[in-house]
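Beneath this line is the structure, given in structure tokens, with notes to follow.
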Amino acid sequence: MDSIIRLLSISGFAISIITCFVGFVALFKSKGDPRLKFIFFFMCLSIATWSFFYGLWLLADNHDEALFLVRSLGLGSILIPIFHLHWIFSFLGIEKKYKWLLWYGYISSVIFLLFAYSSLFVRDVELTYGFPFWPKPGPLYHIYLFINFIGLHIIGFYQLLVHLRRNQGIKHQQIKHVFIGLLLGVIFGSTNFPFWYDINIPPYGNPIVIIYISMYAYTMIRYRLFDIHLVVRRGTIRIILAAFIYGMFHLVTWAMVRAFGSVWVKPALITGIFIAIAFVLVLPLVEKGIIKLTNRYLYASIYNSQKTLRSLTRKLTRIVDVLKISSLITETVHEVLDIESVRIFAQNSTNHCYHLVHSVGFESKKNVSCDLEECFFTRWVRHFKKAVVKDELQFMAMEHRHRDKGAEKFIKIQKYMEKIGGEVCIPFVVKRELIGFLLLGAKISRDAYTKEDIELLETLGNQTAIALENALLYENMEQSVEDQTKEIKAKNVYLEKLLAMRGQFLDIASHQLRTPISVIKGYVSMLREGDYDSQTPAEKDEVYRSIAEKTEKLSHIVRDILYASELDTGEFTLKEQDIARFPIIPYVSKIVSMHQDEARVKNISLTFSAPGDALLVRASERYMEVVFDNLITNALHYTPRDGKIVVRVKPFQDVVRVEVEDTGVGIPKEDQPGLFEKFKRGANANSMYTDGSGLGLFITKELMDGHPNGKVGFTSELNKGTTFWVEMERAL
Amino acid sequence: MDREKTVLFIEDDPDQQKMYSFVFKRAGVRFLQAQNGEDGIKIAEREKPDVILLDILMNGIDGVDTLERMKQNPNIPKTTAIIIFTNYTKEDVLKRAENLGAIEIIIKTDVVPSELVDRIRKKYLK
């Protein structure tokens, strides 16, 4: 009987120590709602107080001591039901709804506490079924037991069950574990009550209360009941190790007493030496085993995936292909963590959206778009930087409920994650830029993500971010090389074309230059050789006229070439001093009359028409002469004999237009676009005039573009004629 | 007595027509003129000149095409010396003219009129 009492006493101390440990860890080593932490802590404290005095009481050897200790034990046990209820209500978030119940619990408990050391609560201690000092209830104790202990616990369990059905994911797991643990704790703790009423059910269930507290520890670690740090793991290992040594010590002592009658006899002492050596040898193995066990059951995912992660990280650094990196990560994560679906998104810098690069296990899901737009979610993730766990957003919302719009934001994000089918989002952030993210669905086991999972994924996320950044840079580089190559090729084609046109121009230009030179050279040599000495003055005049004309033509050609090369730089603009106000009608009229001789040779009627009013324009006299000369010369070149050319001046509100209309060959439709480009000539141009360089219209266009409000254009019909027009700014 | 030596000059620039006509006529050569290739062929068929001076860049069919037609024309004797006389120096065009049977290619700016007359007389009008 004594040993049973001792064992129960030890269970009391063990419960007390473990409960204190759990309570303190939750209070000081976790993040989250401080209110919840405090209630949990006080709950643990009440359990610890009860079980500590419970242990002491069982060891008491006289009546008074036992009565005092059993009443002290009451200080804890009185508070356990109300703290349990309060903890359950705050954990479920229904505190406010059942405020009155909590008030009742606290007030009644205070009353019980006031009478804890009186016979109203504990009447006395008596010998009960082998226990020398078992307490007997006073009148208040009945109320405590039936209303507070049984009643409040039933309400608590009921609420847990109701919420168990309503919640999913991590919260579901938490409620489930809290429920099972609490049920075990209460049921086995209750084995202490029957003796009070002289019912012969022994309190052997008490040691099992340890399971209840351990369940909290397990839920905290595995299901992030409180977001605790890893320190718990080491603590857990030490506690289990200590329990093992303690157990071994008593086992060996018990065995020796059984075998040798005492531990102090010679054979016992000798056996002890061997046992000690064996113990020293075995202990490290046991420790290893404990670590393995805790890893296996408390940190299953980290245990299984650490190796995989290491090799994955090594692999990642060697790949520079976005697709390969993405598929490697999704496949690995999918396999290691047993997740239903994994998707990886990468930023598309051109259209600000996140492109689905790789996906596993999403085939069956519909309504999941391939690309995600840049939105509040991605912006928030970029800012948050850490893993976003859908289930945790609810806690975050609760934490921020006092802040303006704080809670709403988290709920919105949670809903968005629900919509896109993501339980966890691991962002890849590089230099404040979200270059992509991993979106994980639910685990196949329906288990929640553990803290270890998240830490593992965050580490992986960081590695991936770097690998992905490198890959994207590499890709960009390749792309830009490709772009540049393309650009160079296009430039080459253009240059080749230009070169061909230039070659054509040079052939024409050399011909254009040589022809007047050959005439001048010929006539001059003939004059020098005296060929014309005996000719009439009229015949001589004809020679001089030819020379003058060819010289003039030569200077025109040289002028055109010089203009073209000057305008070719593309930076031609008229300077303010080049522009003057001048009357346009006499100006054009003069240029027209200068071409009358040429017209006469081909029997072309070249006429000028203008309104009676004086019209002033703002233009460059020097350059406009080139323009009109080009247009009229063109018309003369491409109009057959006996044709008609009309030069017209038309005033408008802001501009003055000058048209040159001919009855020439016209420009084929297909040659009309780009006619103002350098070296461009109509396909039928050579049939009329062989010496065209393809520079005249280019020069005209460039000069007009350089003018204020300057414009040039044409309409043309094949074999009917062409009208070229220019517009200059009208001056008032 | 020998038939009068005849030169056909096909050229569309009136100034040049006038100038070369002067020197050839003064040298006592029968000098025929055409403004374009087609007229040139007709005259050549009819008059059967000893020498034809053919420009390249002309309105209508160009000089090289004219040359080709002349060479295929049975009414123009194969003995006719057809000379390309031009300022157009594009190499592939000149090469083509040579292949088609131009007996010589003379660039206008390279010779003054009196030299041209002397050269033609010495080479082709004996």
Side-chain angles (χ1 to χ4, degrees), chain A residues 500 503-536 539-554 557 598 601-602 637-638 640-641 665 684-693, chain B residues 9-29 31 35-38 53-66 84-97 105-120:
Chain A
Q504 214 175 338
F505 162 76
L506 281 175
D507 290 331
I508 295 285
S510 67
H511 180 254
Q512 279 182 312
L513 291 167
R514 279 173 200 266
T515 300
I517 288 170
S518 64
V519 173
I520 295 164
K521 193 175 170 184
Y523 272 135
V524 169
S525 77
M526 286 160 78
L527 287 170
R528 287 180 68 190
E529 284 161 17
D531 286 354
Y532 280 90
D533 286 358
S534 55
Q535 301 299 312
T536 62
E539 278 173 318
K540 277 186 192 165
D541 263 3
E542 187 64 16
V543 171
Y544 296 141
R545 186 200 57 76
S546 279
I547 292 172
E549 205 176 85
K550 295 295 180 195
T551 310
E552 186 62 24
K553 186 160 186 194
L554 204 55
I557 294 163
E598 287 167 69
V601 170
K602 286 177 86 177
H637 281 155
Y638 299 108
R641 289 188 69 82
V665 288
N684 57 346
N686 253 1
S687 68
M688 289 299 297
Y689 177 63
T690 50
D691 258 359
S693 60
Chain B
F9 189 67
I10 306 174
E11 163 68 59
D12 63 349
D13 178 20
D15 283 326
Q16 292 179 49
Q17 290 275 8
K18 217 175 279 168
M19 185 173 78
Y20 292 109
S21 153
F22 183 88
V23 280
F24 274 99
K25 278 178 179 163
R26 207 194 43 182
V29 176
F31 193 74
Q35 303 279 335
N36 56 57
E38 273 168 53
L53 288 169
L54 185 54
D55 189 16
I56 292 181
L57 283 183
M58 289 185 293
N59 301 333
I61 56 167
D62 72 24
V64 182
D65 287 342
T66 309
I84 293 291
F85 185 54
T86 187
N87 271 324
Y88 192 63
T89 50
K90 197 166 172 10
E91 215 157 299
D92 56 336
V93 174
L94 297 185
K95 192 90 202 156
R96 183 167 163 245
I105 290 165
I106 303 173
I107 303 303
K108 288 171 181 173
T109 47
D110 289 353
V111 290
V112 294
S114 52
E115 284 168 2
L116 178 75
V117 176
D118 281 354
R119 195 150 145 191
I120 302 258

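As a basis for the values below, the full set of heavy atoms in this structure was taken, side chains included, without hydrogen atoms, waters or symmetry mates. Reminder, nothing fancy here: chain letters follow the sequence lines and each chain counts from 1.
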*Considering only heavy atoms and a distance below 4.5 Å, find which of B:E91, B:R26, B:E115 pairs most often with chain A.*
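Looking at each option in turn, the highest pair count goes to B:R26.
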_With a 6.0 Å cut-off (strictly less than), is the heavy-atom count around NZ of B:K95, excluding the residue itself, greater than 12?_
no
*Does any heavy atom of chain A fall under 4.5 Å from the side chain of B:I107, the backbone, both, or neither of them?*
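Only the side chain of B:I107 comes within 4.5 Å of chain A.
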_Heavy-atom cut-off 4.5 Å, strictly under: side chain, backbone, both or neither for B:D13 against chain A?_
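Contact with chain A is through the side chain of B:D13 alone.
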*Quick one: are B:I56 and A:H511 in side-chain contact, heavy atoms under 4.5 Å?*
no
Closest heavy-atom contact between [X] and [Y]?
X: B:M19; Y: A:S518; answer: CE-O, 3.9 Å
X: B:F22; Y: A:M526; answer: CD2-CE, 3.2 Å
X: B:P113; Y: A:G522; answer: CD-CA, 3.3 Å
X: B:Q16; Y: A:T515; answer: NE2-CG2, 3.1 Å
X: B:K18; Y: A:Y523; answer: CB-OH, 3.9 Å

_Looking at A:R514, is its backbone amide N or carbonyl O close enough to the side chain of B:K108 to form a donor-acceptor pair, meaning the two atoms are under 3.5 Å apart?_
no
*For A:E539, is it the side chain, the backbone, both or neither that has a heavy atom under 4.5 Å from a heavy atom of chain B?*
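Neither; nothing under 4.5 Å.
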*So does B:D15 pair up with A:R545, basic N to acidic O under 4.0 Å?*
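The answer is yes: the pair qualifies as a salt bridge.
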_Euclidean distance, B:T109 OG1 relative to A:I517 CD1, rounded to 0.5 Å_ =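 Between A:I517 CD1 and B:T109 OG1, I get 7.0 Å after rounding to 0.5 Å.
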